Amino acid sequence: MAEKRSIKELIDGLVDKDGIKTEVTVTLTNQTLTKIVLALLASGATIVVVAHLTKNLFPNHQIAALQADIKSIKETLKTQFK
């Protein structure tokens, strides 16, 4: 199993006495890559679900007003052309 390292150890590995190191090696294990992929998929699914719920739970009042206006125009035209 991979050794747990603290944030301080990670930062010390990136910065030395001359400043930020430009050559940094990052090793990703299969477990880490799996976690990253699952996190990205979960965040994408969450965005889709929130957008869908927002669209359906909070109706657009302008669209509702336009639909009411169109309905009244259709009724007016029907009565005028009969």
Side-chain angles (χ1 to χ4, degrees):
M1 184 168 193
E3 177 185 328
K4 294 278 183 172
R5 294 171 55 176
S6 69
I7 298 289
K8 184 178 183 326
E9 290 174 352
L10 292 173
I11 292 174
D12 288 341
L14 296 174
V15 179
D16 62 2
K17 63 179 173 126
D18 297 326
I20 295 177
K21 292 181 182 179
T22 56
E23 295 180 19
V24 177
T25 303
V26 177
T27 305
L28 295 174
T29 62
N30 286 339
Q31 183 180 11
T32 306
L33 288 173
T34 303
K35 287 179 182 179
I36 291 171
V37 168
L38 290 176
L40 289 173
L41 288 173
S43 64
T46 302
I47 290 171
V48 169
V49 168
V50 168
H52 181 70
L53 289 175
T54 302
K55 180 181 174 188
N56 290 327
L57 292 179
F58 303 105
N60 190 337
H61 297 291
Q62 292 174 341
I63 291 176
L66 285 172
Q67 288 173 339
D69 288 344
I70 290 171
K71 185 176 179 181
S72 68
I73 290 171
K74 282 183 179 179
E75 289 174 1
T76 304
L77 289 174
K78 282 181 184 178
T79 58
Q80 287 181 353
F81 289 116
K82 283 187 178 182

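Excluded from the calculations below are hydrogen atoms, water molecules and symmetry mates; all remaining heavy atoms, backbone and side chain alike, are included. This one's a predicted model, so the numbers in the text were calculated from it and none came from an experiment.
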If I take atom [atom1] from residue [X] and atom [atom2] from residue [Y], how far apart are they, to the nearest 0.5 angstrom?
{"X": "D69", "Y": "K71", "atom1": "CG", "atom2": "NZ", "answer": "12.0 Å"}
{"X": "L57", "Y": "H52", "atom1": "CG", "atom2": "NE2", "answer": "8.5 Å"}
{"X": "K78", "Y": "K74", "atom1": "NZ", "atom2": "NZ", "answer": "7.5 Å"}

Looking at residues at least two apart in the chain, or sitting in another chain, which of them share a salt bridge (charged side-chain N to carboxylate O under 4.0 Å, His left out) with K8?
D12
Using side-chain heavy atoms (C-beta onward) and a distance below 4.5 Å, is T76 in contact with Q80?
yes
Taking distance alone, no hydrogens or angles, what donor-acceptor pairs closer than 3.5 Å link side-chain atoms of residues 38-48 to residues at least two apart or in another chain?
| residue | atom | partner | partner atom | Å |
| --- | --- | --- | --- | --- |
| S43 | OG | A39 | O | 3.2 |
| S43 | OG | L40 | O | 2.9 |
| T46 | OG1 | A42 | O | 2.7 |

Got more than 12 heavy atoms from elsewhere within 6.0 Å of CG, N56?
yes
Other hydrophobic cluster members with V50, side-chain heavy atoms of Ile/Leu/Val/Met/Phe/Trp/Tyr under 4.5 Å, chained?
none
